[in-house]
Amino acid sequence: MAPVPISSIKVGHIDDVQELRNNRPKTIPERFVRDMSERPTPAMTLSPPSSDMPVIDFSKLTKGNSEQIQSETLKLAYACESWGFFQVLNHEVDLTLMEIMEKSSREFFMLPLEEKQKYQMAPGTVQGYGQAFVFSEDQKLDWCNMFALGIEPQFIRNPNLWPKKPATFSETVEVYSREMRKVCQNLLKYIGLGLGLEGDVFEKMFGEAVQAIRMNYYPPCSRPDLVLGLSPHSDGSALTVLQQAKGSPVGLQILKDQTWLPLQLIPNALLINIGDTIEVLTNGKYKSVEHRAVAHKDKDRLSIVTFYAPSYEVELSPMQEFVDEKNTCKYRRYNHGEYSKHYVTNKLQGKKTLDFAKI
Ligand code: OGA
Ligand code: NI
């Protein structure tokens, strides 16, 4: 989420979806109506439940005996290889803190539009309030309001975008983000071990990791069959952590075996997914799985998403452990800062962004 200001971008008028919902609940402007091929098909309701998606008991990794650590690490490795997504329980993040984070985010989105617009995301940038990844006047829009902030390292922060209201918001983001950083660091350690890599390789390789947070608010939509909450994409991070607010309906879907699988999430669990960085480093052994969000007819949905990625100056390429005659090298060597820039200056379009690195 590098801040990349692009002054010449013309994005046309972007309706604020919350305002639309409040003032003209039946109206779906043309820019939100998806082409037939992109619409969430009713067939998705027939897809298998997501209950097979692995659930990792974090406390077994961090506090278990050697047997528990081993079996949970194996399970984690299976989750990364076969799903690219998994949930984590007993993650050591204070549930009250998660609740406060949820409440503050919700309060932020419920502020009057003029207040939120003080933190407006400039066209072509990804921090602040609005719709990210919009680069042209004819691009379809997502049924979502976003509020995003760069967190670490400090130089990616834009202090003007840190809200004064709600009063405790910024402090909460700060405390929450420190906790999320620990979760990511810990998980990466065990993901490394599961791959047979000793010595906290990712942490060492990543340098001072880049961390960002994005709150996604999806208001109800009178025609969820016509719109998408969030366009299909893979995450440009190494690891992503998603907290879905309590009471949210099912909305996130992952592309599994060519069908969109809606994810039913366990309350208080964290949802983790593998991002593009880990796909490249493992030469595709672990994939950053494509996902999207759909809107709901009567219910709103809120998610709080943390992106954890290498430092911008890091050069990435598949690790030699994952390259041999059978698994030829699929990605070229590139600079992660350049990839981040590429990621945030292109619209979300499935896994197309990773073509940047494909050989
Ligand atoms: C994201 C994302 C899904 C959701 O922010 O990258 O995939 O459910 N969000 O909000
Ligand atoms: Ni995502």
Establish, from distance only, whether the side-chain atoms of [X] and [Y] form a donor-acceptor pair under 3.5 Å.
X      : Y      : value
Asp57  : Ser59  : yes
Tyr339 : Asp276 : yes
Tyr129 : Asp16  : yes
Glu72  : Tyr190 : no
Gln68  : Lys63  : no
Ser136 : Asp138 : yes
Ser231 : Arg34  : yes

Using a side-chain heavy atom cutoff under 4.5 Å and only I, L, V, M, F, W and Y, what cluster partners does Ile359 have?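 So far as hydrophobic clustering goes, Ile359 is joined with none.
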
Any Lys/Arg nitrogen of [X] or [Y] sitting under 4.0 Å from an Asp/Glu carboxylate oxygen of the other?
X      : Y      : value
Glu279 : Lys285 : no
Lys189 : Glu203 : no
Arg157 : Glu174 : yes

Under the side chain to side chain contact (heavy atoms under 4.5 Å, CB included) rule, what do Lys140 and Arg31 come out as? Steps first, then yes or no, please. CA-CA 5 Å; Lys140 292 292 178 191; Arg31 277 191 87 183; 5.5 Å; no

What orientation do Tyr312 and His336 show, parallel under 30°, tilted 30 to 60°, or perpendicular over 60°?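 Plane angle under 30°, so parallel.
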
Check for me, please, whether Leu113 and Phe147 land in the same ILVMFWY cluster - side-chain distances under 4.5 Å, paths through other members count.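 Yes: a chain of side-chain contacts under 4.5 Å links Leu113 to Phe147.
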
Separation between CH2 of Trp83 and CD1 of Ile274, rounded to the nearest 0.5 Å: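 The CD1 atom of Ile274 is 14.5 Å from CH2 of Trp83, to the nearest 0.5 Å.
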
Between Arg223 and Phe32, is NZ or CZ placed under 6.0 angstrom from the six-membered ring centre and within 45° of the ring axis?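 Not satisfied by the 6.0 Å and 45° rule.
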
